[in-house]
Structures are given as C-alpha cells and as structure tokens.
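Everything quoted here is computed from the prediction, not taken from an experiment. Note on naming: letters A, B, ... go to the chains in the order of the sequence lines (proteins, then strands), and numbering restarts at 1 for each one.
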Amino acid sequence: MFLEILINAVATGLLLGSIYAALALGLAVTFGILHIPNIAHPVFVVLGAYLAVVANERGWDPILAALAGALPFYLLGALFYEFYARVFERRGEADTMQALTLFFGVSLVVETALVLKFGTNQQTVDVDYVGQSLRIGLLVMPYRLLVPALVAPVMILTLWAYLKFTYAGIAIRAAAHDVRALQVSGVDPHWIKRHAFGIASVTALVAGAILVIIGPVDPFSGRLQIGRAFAVVILAGMGAVPGTILAAFIIGVAESLVSAFLNPSWSPGVAFLILLATLALKPQGLFGASR
Amino acid sequence: MKRQDVAFAAGAIVVLLMGFGAVHAVANPYFFFAGYVIVQYVVLATAWNILGGYAGYINFGPAALYGAGVYTSALLLKAFGAPLVVNIVAAGLVGMVLGLMMGYLTLRVQGVYFAIATIALVIMLETVVHNIEYLGGARGLALIAPEPPAWAVGRTQFVFLVLLAIAVMSVALARWIERSWIGRGLRALRASEEAAECAGVATLRLKLAACAVSGALLAVAGAPYIYYASYIDPGSAFSLTLGLNTIAMPLIGGTRSWAGPVIGALLLASVQQAATVTISSELNVLMVGLALIVFIAAAPDGLIGLAERLRRKMHA
C-alpha cells in the first residue's frame, strides 16, 4: 500500500514537473537569459489556455490549436516587448521596481479583460483521452497528465536546440552577456530581444493549452503559477534552459509527495519553500553560473 | 522644532480632531465603514514606502505582513479576549520579526529576487493559516469584538478612530525617518548599495531597520481588522488586491517623500470606494491596472514628481 502510494506519487510528481517546466520555459528565456522579470508570463499562459478553450469549442484539439495560434502569439509577445522597451530601455534605465509594476499592471488588465469576456467560471476542454488512464502494474497514469507531460520535453528540446545551433538563438544568448559586442557584430539587440519575447510568448500559448488539458482554468489561474514558474527558473539557475526540466521535476515530485503523505492543502507552499531555500542557500541555482 | 515640524504637528492634531468631530457629527456609520478602508490604505502605503520607496527594496508581499497582523490580533482576541491595544502591539512585534527575517534575506538576494521572495512569503503564510484549525482554516473565523468605549459612538466609529490615530503616527514616523540620518542613508543605499557601503553607510543595519519598521507598521494596519469586520478568512487577510493597492498607491502618489503614499492612498482608495458602489469590482481592478501602466509609462515619479516637473516648466 505504502509502495503503491509512493510510486504513484513520484510518477504524478514527474508528470506535474514536466508540465511546470513547460509553464516556466518562457520565463527561462525572458528572465533567465534576458534578465527581464516578466511576471506577466503566467497570465499569457492563461490567455493561451483560453485560446485553446475557444478553439476546442469549435472541435479543435487544444495542442493543435496552440500550434495554429503560434504566429499571432509570437506577434503579441513581440508587441509586448516593444511596449516594454518604449517605456524603459529608450529612457536609458530599466528600474526593476517599475518594470515589475508594469508587468503586474499588464497581468491585471489581461486578467480583468478575461473576466469581462468569459466571466469567472472555470473553463475546460473536451478531448477523447481525458478520463482514461494508462496502467502498468501498480502504476496508474491518467492520460490527462501523461499527454501534456510528453509535450514539455519536446518544447524544451526544441528550444534548447534553437538556442544552441541557430544564429538567432546564439544571438539571444549573446544579448544577455554583452549587448555592445552584439551590436559590433552587426546584430540589433532590440530586434533580438523582441524575437526572444515572441518565442517566450509562443511557449506560454503551448503551456496554456496543456494546462487546460490537466484541469479547469479560470482567469486567475496564473497567480498560483507565478511562484512556481519563478521557483523552477531560479532553482534551475539563470540561463540554464535544459536544467529547467530537472528543477521542475524536483518541485513536482516534492509537491506530489507532500500532497500524498501530508495533506494536499500544504502543497501550494512547497514551490515557494523551495524558492526561498534556493535564494537563501544557493542563489545561483543548480546549473546556473554564479551571478 | 523647525517651522515645518510645527506645521506638520498642527496638521496631525487637526486631522485627529476632525476625525473625532466627524464621528459625533455624522450619523451614518457607512461613512466610517468606507473611511476605514481609505485610512487603512494610508497606513499600508506609508508603511510599504519606508522600505519600497526610501530603500528601493520592493516588497511584493505586503499582504503577508498585513495578514500576519490580522491573524495575530484575531488569535489573541479568541484565546484571551485581549484588548485592542495589546493586539496592536503584538501585531507590530510579529510584523517586526517577519520584517527582520525579510531583512536578513536581503543579505543574499537583491532586486528582482527580493521581490519574488516576498511573494513567496504571502503564499507560505496563507498556506500555514489554511492548515491551522484553531484559526478557522480555509473557512475563516468569526469573532464578536468587545463593546467599544462610550465616547466612540459605535463599533465602526471606534475602529475608524483607532486606525486614524495609527495612520497619523505612521505618517509622522515615515516623515521623521525621511528627514533623519536614516532616510539619508536609505537614499544612498537605493542609489547604489556598493557605493553607499564604501562611503561608510551601515547598509545592513539600515536595511534591517527599514524592514523592521515597514513590517511592523504593515502588520499594525491589520490588527484592528477583526474588530471592523467580525469575520476573517485567509483569502481576505492575504488578499492580492490589497497587496496590489498598497504598491500602486505610493507609485501613483510618488515614492520619494512621505506625502506621496498619503496622496496616492487617499486618491486611489476614495475613487475605489466610490467606484465599488457604482461600477463592478472587475472594472475597479482594471482601473488600478491601467493607472499603474499609465503612471509607470508617463509619470514614473508619481503625482508629486509630475507636479514638480510642471512647476519647473512654468518657471523656465
């Protein structure tokens, strides 16, 4: 009995962790690499979830809908960065407090817009595989979790390869290190950051689509995810994109174990406890360079 | 005392007397019901600004300290039937300890990391309260507050007056900090922590002091709440909207001086109180969000900064 609970708790934790990695991936780009604390990222995830809901009502699969919506979301993210840059970077300094407040304001506006359009009701999607489970011996894995959990590693691998091997990807990483050197080699850092925000926004859309497969989403679902997403990025270490998945696994398994053996009502605190512990004991994270 | 100080002290006494007079002159208790919320925001915004404005350390979790104050007070009332004064002092002490813990955190983390760590504090405290059966857990806790003294007319009026006194003292404290060596040190620290350290400013001690005072005042703001509402739950004590408003108000008013948070709080909270009667609460939040974006984009130094810029333009 104990073994069964343990195995299933760990498995659920890994599945959840994989999903958290997807949620945090965009933040790993904007915050981890570019050092822009985009606390509006989770609200973009929720926006993506709503897009999946609307498409699902017309008979689309949420994940397919997310892929179809990639281009508009890329443009939305780019536009969002453009706005941020107009406000701050042209002014010369990006004051952390003002940047955070701006992102906070944007989250509120998007949340409220969703409330006004769709109400505060929880939204769900209807797909064939929800409600069924995969059983291997003692292990029970609902497809509701398994399918989304398989999407995240694909996303991370794609993004990692993009950052590692393409010209634009290398330029994004370079923008974090030395903007002037980037300019000298003939790349517009403004363009490259806008591009990175566009990519981050697409990952938010996909993450939103899988979030709404796991469970119902309402306009305020992003709030709980803010801490989780930052916990993942900080535990992984700034700029460590592949490390994101491992950090997310740690948090997912920890939450799931607490939920199974202690009480589910304690689990929201777990990610934050890990976050605080990381900040206090090892601020550079597991895989990040020291800062 | 300088002339400005005399003027400030006179102003403070006038505010208190006006509050006392209004309690006896205005019969409708709704006026004080709404007034309580506005004055509460004056305390919160002023308290937040001591750390956020003067020292430049953004506390994104003022609701954690406020909620700690609310629950400390409720716990003492439930367990011992403690009088309000005791509760306020106890809440202040709890807030101070939490603030000091936050202060030690600044040793390791700065800037964005500090802001995120403070968000973590809210969720963790909320989770803890959720799991304490004695405090009502997620269901919340209903308590009947003791009868108010006769001079205060009614219960709502009584807590309103108590909070008004707290607000006046908070603003006076913030003003004193701003004008003393502590304020100068904090300003240096905000401009550049390394440079301040090199110039011999005791940065750690100042940060700890700012965190402790700010934390204590944020918690004190929550202490009378159980007397005001008779019912508390984790959702309202650790409310995100409350945290948001607390940050928005100094930013809208101006973070450089004590007057900024007061102006921001009076303005935003009054508009919100009027707005909750006339428009939906969603539009209310939308309004705050838009105001934040507009102020950050167009008037980063708040209304006070805007006024100064206009004055300079007129003279030039």
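Tested against B/I293, the residues A/V106, A/V87, A/T101 include a single side-chain contact (heavy atoms from CB on, under 4.5 Å) partner, A/V106.
If you tally non-hydrogen atom pairs under 4.5 Å between each of A/A113, A/A280, A/P37 and chain B, the highest count goes to A/A280. Listed options A/V270, A/L108, A/I39 were ranked by heavy-atom pairs under 4.5 angstrom with chain B; first place goes to A/L108. Of the listed residues (B/I247, B/V128, B/L251, B/L244), the one with the most heavy-atom contacts under 4.5 Å to chain A is B/L244. Taking B/L121, B/I123, B/N131, B/I119 one by one and counting their heavy-atom pairs under 4.5 Å with chain A, the maximum is reached by B/N131.
Looking at A/F103, neither its backbone nor its side chain comes within 4.5 Å of chain B, counting heavy atoms on both sides. If you measure heavy-atom distances from A/I234 to chain B, the contacts under 4.5 Å come from the side chain alone. Looking at A/F83, only its side chain comes within 4.5 Å of chain B, counting heavy atoms on both sides. For A/V115, the part lying near chain B is the side chain, with the backbone staying farther off; criterion is any non-hydrogen pair under 4.5 Å.
Scanning all heavy atoms of the two residues, the minimum distance from A/L279 to B/A117 falls at CD1-CB, 3.6 Å. When all heavy atoms of B/A120 and A/L276 are compared, the pair lying nearest together is CB-CG, 4.0 Å.
Pairs passing the ring-ring contact (aromatic ring centres under 6.0 Å, His included) check and including a residue from residues 239-258 of chain A, sequence neighbours excluded, do not occur. A side-chain hydrogen bond (donor to acceptor under 3.5 Å, both in side chains) check over residues 245-256 of chain B, counting only residues at least two apart or in different chains, returns the pairs B/Y41-B/N245, B/N245-B/Q272.
Between B/F60 and A/F104, the ring planes are perpendicular. Angles over 60° get that label, and only those under 30° would be called parallel.
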#### Entry: Audit row: A/L102, B/L292, side chain to side chain contact (heavy atoms under 4.5 Å, CB included) steps and yes/no
CA-CA 7 Å; A/L102 181 79; B/L292 273 181; over 6 Å; no
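Atom CZ of residue A/F230 and atom OH of residue B/Y113 lie 9.5 Å apart, to the nearest 0.5 angstrom. To the nearest 0.5 Å, the span separating CG on A/L275 from CE on B/M124 amounts to 9.5 Å.
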